[in-house]
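Side chains included, hydrogens not; waters and symmetry mates left out as well; all remaining heavy atoms used. Order of listing sets the numbers, starting from 1, for every ligand and every atom in it.
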Amino acid sequence: MSAQLLDGKAMSDELRQEIAARVAALKAKGVVPGLAVILVGEDPASQIYVRNKGIACEQTGVYSRTIRMPAESTQQQLEDEIRRLNADKRIHGILVQLPLPAHLDESAALAAVAPEKDVDGFHMINAGRLMNGQPGVTPCTPKGAMEMIRRTGADLRGKHAVVVGRSNIVGKPMAMLLLQADCTVTVCHSKTRNLADFTRDADILVAAAGRARFITADMVKPGAIVIDVGINRVDGKVVGDVDFDVVKEVAGWITPVPGGVGRMTITMLLKNTLEAAERAGC
Ligand code: GUN
């Protein structure tokens with residue numbers, strides 16, 4: 001392997017220690033940061049995410065509450081629950097676990113979350129703030145990916161960053177963060193022609209398309225920073241969007257899956273919750 005590993009577990013362990021110390025300092029002032037997760041239905045992957053979030057909160061001293069609602073809940077019931085949490089002084093962060101069952105309106109649910117408690121950074125107000133370069137809550141996965149890129153120590157100014165994927169949750173906010181770091185940013189997606197022409201020119205390549213191992217060695221510039229946001233299941237195994245075993249021989253830096261960006265996502269959720277509690281001050 002020629003690439004250096006960007007180890008999400010090691011970075012997260014270090015960051016979670018810092019977060020735990022800040023949580024303890026806030027508790028000494030009488031404020032216990034609190035996160036509420038709303039889980040509608042029984043989606044197995046969501047159950048695992050939610051459990052991991054609960055464990056991470058416990059590790060760092062963040063109070064966590066999971067609200068489980070039946071799959072057949074109505075939009076009204078979901079939004080009533082969100083509004084109750086908006087008014088709850090013990091809760092500083094609210095996360096509506098996605099995907100929601102198909103009959104529910106995701107955008108309306110996310111819009112019901114108070115922007116200052118929107119620790120996912122999915123509310124229009126926070127998306128707009130990110131777009132305008134104003135302080136707000138940044139979505140956890142791109143925030144974690146950016147932290148990993150910064151930890152390479154590379155000077156990002158003028159670098160060509162290529163993001164493959166244009167979702168509201170990862171691709172678009174990732175592009176904004178890279179732009180703020182003075183990168184030249186290209187966003188590619190499923191309709192991009194000659195994708196490899198773009199990826200091969202990338203100094204920083206972020207793969208967030210949700211296609212197992214589709215970034216191959218010939219698509220990567222030697223020495224590039226390769227960030228793999230994919231979480232795909234193949235034959236019972238979790239693999240990324242990057243064909244790790246071959247790309248690691250070409251890249252300069254690479255994130256593994258699992259143990260890469262996914263771990264950092266939850267760490268950034270803790271950080272966003274802590275920061276929301278620090279801002280609220282009560
Ligand atoms: N489902 C999968 N990842 C996420 C996430 O980061 N936030 C929310 N709310 N739902 C998810």
Side-chain angles (χ1 to χ4, degrees), residues 8 12 15 34-57 62 64-69 71 73 75 78-79 81-82 85-86 91-102 104-127 130 136-148 165-174 176-177 206-210 227-233 238 240-241 255 257-258 260-276:
S12 280
L15 285 163
L35 171 69
V37 175
I38 301 179
L39 177 60
V40 187
E42 313 277 327
D43 179 65
S46 292
Q47 309 248 22
I48 296 170
Y49 284 135
V50 169
R51 200 184 60 214
N52 288 341
K53 284 166 191 165
I55 294 168
C57 285
V62 171
S64 87
R65 193 190 300 165
T66 303
I67 292 105
R68 291 172 197 275
M69 300 180 69
S73 301
Q75 186 73 24
L78 174 59
E79 292 186 23
E81 191 57 62
I82 293 169
L85 294 168
N86 283 344
I91 298 299
H92 304 93
I94 301 168
L95 182 147
V96 180
Q97 184 66 32
L98 304 177
L100 289 170
L104 294 174
D105 181 342
E106 210 161 273
S107 312
L110 297 177
V113 176
E116 66 276 13
K117 294 194 178 187
D118 167 39
V119 282
D120 256 333
F122 293 169
H123 193 287
M124 293 292 188
I125 294 269
N126 285 314
L130 178 61
V137 185
T138 307
C140 303
T141 299
K143 184 170 174 163
M146 204 62 211
E147 178 72 25
M148 296 178 103
R166 56 175 158 175
S167 68
N168 291 337
I169 294 178
V170 182
K172 287 182 203 165
M174 188 77 229
M176 287 302 135
L177 292 175
V206 180
I227 305 292
D228 190 352
V229 180
I231 298 179
N232 311 286
R233 274 181 184 76
V238 175
D241 285 2
T255 64
V257 176
V261 177
R263 186 109 181 161
M264 289 291 276
T265 296
I266 296 188
T267 301
M268 292 303 144
L269 175 67
L270 297 169
K271 193 163 186 212
N272 281 349
T273 304
L274 164 67
E275 287 171 356

Review point. Can you list the atoms of ligand 1 that are under 4.0 Å from a heavy atom of L95?
Key: 9 (N)

Practice item. Among I227, I231, N232, V257, find the residue that satisfies the side chain to side chain contact (heavy atoms under 4.5 Å, CB included) test when tested with D241. Key: N232

Practice item. Check T141, I55, N52 against I266 for a side chain to side chain contact (heavy atoms under 4.5 Å, CB included) and give me the one that passes. Key: N52

**Study point:** N or O pair under 3.5 Å between D120 and ligand 1
**Key:** yes

Review point. Under a 4.5 Å cut-off applied to non-hydrogen side-chain atoms, are H123 and L110 in contact?
Key: no

Review point. Numbering the atoms of ligand 1 from 1, which are under 4.0 Å from a heavy atom of V96?
Key: 8 (C), 9 (N)

Exercise for review: Using a strict 4.0 Å threshold on nitrogen-to-oxygen distance, state whether R65 and E81 make a salt bridge.
Suggested key: no

Practice item. Take K117 and H92 through the side chain to side chain contact (heavy atoms under 4.5 Å, CB included) test and state the conclusion after the steps. Key: CA-CA 5 Å; K117 294 194 178 187; H92 304 93; 5.8 Å; no

Exercise for review: If you have a sec, work out which protein heavy atom is nearest atom 10 (N) of ligand 1 and how many Å separate them, to one decimal?
Suggested key: L98 N, 3.0 Å

Practice item. Using distance alone, determine whether Q97 and ligand 1 share an N or O pair under 3.5 Å. Key: yes

